[in-house]
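I have placed the structure first, in the form of structure tokens, so that the comments after it can refer back to it.
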Protein chains: 2
Amino acid sequence: MISSDIVVHIKSMPIFKNLPSHNMEQLASIAIDQHFRRGEIVFSEGDKGTGFYVVVSGRVKIFKLSFEGKEQILHFFGPGEPFGEVAIFEGWRFPAHAQCVNDTRIFFFPRDAFVDLLKRHPTLSLNMLAILSMRLRKFTHLVEDLSLKEVPGRLAAYLLYLRERNGGRSFFELDISKSQLASLLGTIPETVSRIFTKMNKQGIIHSDGRHIQILDAERLRCLSEEGERL
Amino acid sequence: MISSDIVVHIKSMPIFKNLPSHNMEQLASIAIDQHFRRGEIVFSEGDKGTGFYVVVSGRVKIFKLSFEGKEQILHFFGPGEPFGEVAIFEGWRFPAHAQCVNDTRIFFFPRDAFVDLLKRHPTLSLNMLAILSMRLRKFTHLVEDLSLKEVPGRLAAYLLYLRERNGGRSFFELDISKSQLASLLGTIPETVSRIFTKMNKQGIIHSDGRHIQILDAERLRCLSEEGERL
DNA sequence: CGTGGCCTTGATAAAGTTCAAGAGCCGTGG
DNA sequence: CCACGGCTCTTGAACTTTATCAAGGCCACG
């Protein structure tokens, strides 16, 4: 007897959208319910991947580390988002680290049972293809940012993204610490701090701790899209 | 009557590996044979994608441009390699530009017919998933390089990669111009040139034009993996 | 033999990182 | 309730890396 709780969660996951109900139950029967504390590692770069994960609640960050310990965050994943799929289709080893940012609940789907299901359900494959495509698109953006924009431009883009994610409201909260933000933007906390200060002084934003208010969205757009200088 | 030439090429493409023969013919019947001159654009960022492409011969580069015109190359694709797939599974628009580096022959596969085939052939879906996964892995590397390594480290990594690709021989040729190499490494030709000069002076490599000989592979490894300085 | 492309080299400037110090904040425990 | 230690964040100054600008060399091709 499968916990109906698990089925309910699975039904709400975009990756399993449009699947017939009995498949949801199959999935529930292979899912392994896992709980992690804030800071715990789900997997490390190079680990063998024997399946993939979907976040139920909480948040996971995927990141790379340099020799000196500098961190580059590749993604944050929240409820409903899958991660670790690359290792099941190709290469077998995880290309980066995964760590829980909060206390987090995760379903783990073992590879073989899942691939079986994929073979029998084209819908599921197409969902998966769409997810990987979306991720590729995101990476394309990240590469563009890292190589073609300077840090103020990346920060500006991120603030505009946050505004969008908050329904277009110009007043919102940072959902991550500034150090994590630095790591996401491919820089260090000091640099982020200095840029925040400058943006405040120039009246582009008003920020206090994690509270951000965008005062001059047009200016942010110029910074992010046209390489304008601070 | 389908040109048997097309079928032959399709059969040799990894993406269609393990497909039954009659599907190869179906594919051949929907493939559109295209020819481009060196320098021609296949598609531009933002264009609507109505299908995807596979290189038959020649070479295509996928890249992003900054406002000031700086170029970041994301991939080079050669014979047998598909590109432009992201737009058919998600988002509809190409996230980057595609341009032919040489005179190039390409097969174009229209979206709908291809998705049809995907739905009926799990093998094809799994091939596709593997390809997208490989690409994600490559991007992970690219992001790591751009954000976590300095330019000498990236160049070192690229030289070691070239050596590997040449069956481990320490003497080989650059397959792209140094300007293109700069663009691939996320920097500018001047910087690449200076680093080559330094590596030569330090006896790490011996290079003359496009001919490269690796003299101290261990040193290259340190540069690329341990952040050692030139 | 001249012209255009690509590559090299040097001087200079900008952006970002490192190092170091200190401010603000919060939960714990005396 | 206050003091303490441990965070994260901020700020300043020196330094490193890389980009920019400018000039000149090399070579292939017409």
Side-chain angles (χ1 to χ4, degrees), chain A residues 38-39 61 65-73 101-102 145-156 173-202 205-212 223-224 227-230, chain B residues 38-39 61 65-73 101-102 145-156 173-202 205-212 223-224 227-230:
Chain A
R38 169 187 159 84
K61 78 175 177 200
L65 286 177
S66 76
F67 17 85
E68 296 106 342
K70 189 186 164 197
E71 171 186 274
Q72 170 69 50
I73 295 176
V101 177
N102 308 311
D145 284 358
L146 288 174
S147 139
L148 266 22
K149 290 177 186 164
E150 345 188 306
V151 187
R154 295 178 224 161
L155 179 54
E173 294 214 4
L174 267 189
D175 55 347
I176 51 177
S177 76
K178 292 198 176 153
S179 317
Q180 292 290 283
L181 177 55
S183 183
L184 189 65
L185 299 178
T187 184
I188 55 174
E190 289 96 321
T191 300
V192 169
S193 183
R194 288 185 235 273
I195 296 173
F196 264 112
T197 306
K198 270 197 186 176
M199 286 182 169
N200 272 298
K201 277 189 185 145
Q202 300 195 8
I205 60 172
H206 177 79
S207 76
D208 178 34
R210 292 198 171 188
H211 299 279
I212 312 279
L223 282 167
S224 105
E228 202 191 284
R229 307 254 153 112
L230 260 186
Chain B
R38 169 187 159 85
K61 77 175 178 200
L65 286 177
S66 76
F67 16 84
E68 296 107 340
K70 189 187 162 194
E71 173 187 274
Q72 170 70 49
I73 294 176
V101 178
N102 307 312
D145 284 357
L146 288 174
S147 136
L148 264 23
K149 291 178 186 164
E150 348 190 306
V151 187
R154 295 178 225 162
L155 179 53
E173 293 215 6
L174 267 190
D175 55 347
I176 51 177
S177 77
K178 291 195 178 156
S179 316
Q180 292 290 284
L181 176 56
S183 182
L184 188 66
L185 300 178
T187 183
I188 56 175
E190 290 95 319
T191 300
V192 169
S193 183
R194 289 185 233 273
I195 296 172
F196 263 112
T197 305
K198 272 198 186 174
M199 286 181 168
N200 272 297
K201 277 190 186 146
Q202 300 195 9
I205 59 172
H206 176 78
S207 76
D208 177 34
R210 291 196 172 189
H211 300 278
I212 311 278
L223 281 167
S224 106
E228 201 191 284
R229 306 253 153 115
L230 261 186

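Worth knowing before you read on, the calculation uses all heavy atoms, side chains too, and leaves out hydrogens, waters and symmetry mates. Just so it is clear, the structure is predicted and the values come from calculations on it, not from any experiment. Residue numbers start from 1 in every chain, and the chains themselves are labelled A, B, ... in the order their sequence lines are given, proteins ahead of strands.
- In this structure, the side chain to side chain donor-acceptor pair (under 3.5 Å) partners of Ser66(A), at least two apart in sequence or on a different chain, are Glu68(A).
- Across the protein-nucleic acid pair, Asn200(B) atom CG and dC7(C) atom P stand 15 Å apart, rounded to whole Å.
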Return the polar atom pairs (N/O with N/O) between nucleotides 21-26 of chain C and the protein under 3.5 Å, or none.
none

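- Across the protein-nucleic acid pair, Glu71(B) atom CD and dA19(D) atom C1' stand 17 Å apart, rounded to whole Å.
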Give the dot-bracket line for DNA chain D from 5' end to 3' end: parentheses for intra-strand Watson-Crick or G-U pairs under 3.5 Å, square brackets for crossings, | for inter-strand pairing, dots for unpaired.
||||||||||||||||||||||||||||||
Does the protein touch nucleotides 9-15 of chain D at the base, only the backbone, or not at all? Give it as B, S and - per nucleotide, heavy atoms under 4.0 Å.
SBBBB--
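- Every pair tested for salt bridge (Lys or Arg N to Asp or Glu O under 4.0 Å) that includes a residue from residues 180-202 of chain A fails, sequence neighbours excluded, so the list is empty.
- Legend: residues meeting side chain to side chain donor-acceptor pair (under 3.5 Å) with Asp175(A), ordered by chain and number and at least two apart, are Arg59(A), Arg165(A).
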Shorter than 3.5 Å, N or O on both sides, protein versus nucleotides 23-30 of chain D: list them out with atom names.
none

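- Of all the heavy atoms in Val192(A) and Leu181(A), the pair that sits closest is CG1-CD2, 4.3 Å.
- In plain terms, the two heavy atoms of Ser207(B) and Phe196(B) that are nearest each other are OG-CD2, 3.8 Å.
- With a 4.5 Å cut-off on side-chain heavy atoms, Ile176(B) and Arg210(B) do not count as touching.
- One atom, CD of Glu68(B), and another, P of dT18(D), lie 18 Å apart when rounded to the nearest Å.
- Here the P atom of nucleotide dT18(C) and the CZ atom of Phe67(A) are 11 Å apart, to the nearest Å.
- The shortest distance between the side-chain N/O atoms of Arg229(A) and the OP1/OP2 oxygens of dA15(C) is below 4.0 Å.
- Applying the side chain to side chain donor-acceptor pair (under 3.5 Å) test to Glu150(A) and every residue at least two apart in sequence or in another chain returns nothing.
- Between Leu65(A) and Leu148(B), the closest heavy-atom pair is C-CD2, 3.8 Å.
- The shortest heavy-atom contact between Gly186(B) and Leu146(B) is CA-CD2, 4.0 Å.
- In this entry the distance linking CD of Gln72(A) with P of dG16(C) reads 14 Å, nearest Å.
- Residues His206(A) and Ile212(A) have side chains not in contact (no heavy-atom distance under 4.5 Å, counting atoms from C-beta outward).
- Within the structure, side chain to side chain donor-acceptor pair (under 3.5 Å) contacts touching residues 178-189 of chain B (residues at least two apart or in different chains) are Lys61(B)-Gln180(B), Glu71(B)-Gln180(B), Glu71(B)-Ser183(B).
- The distance between atom CD1 of Ile188(B) and atom P of dA14(C), rounded to the nearest whole Å, is 15 Å.
- Between Ser147(A) and Lys70(B) the shortest heavy-atom distance is O-NZ, 3.3 Å.
- Under the side chain to side chain donor-acceptor pair (under 3.5 Å) criterion, Ser224(B) pairs with no residue at all, not counting sequence neighbours.
- The local environment of CZ in Arg38(A) is sparse, with at most 12 non-hydrogen atoms from other residues, nucleotides or ligands closer than 6.0 Å.
- Separating the NZ atom of Lys198(B) from the P atom of dT8(C) is a distance of 15 Å, rounded to the nearest angstrom.
- Under the salt bridge (charged side-chain N to carboxylate O under 4.0 Å, His left out) criterion, Glu173(A) pairs with no residue at all, not counting sequence neighbours.
- Within residues 146-156 of chain B, the residues having any heavy atom under 4.0 Å from DNA chain D are, by residue number, Glu150(B), Val151(B), Pro152(B).
- For Ala182(A) against Ile188(A), the heavy-atom pair with the smallest separation is CB-C, 3.4 Å.
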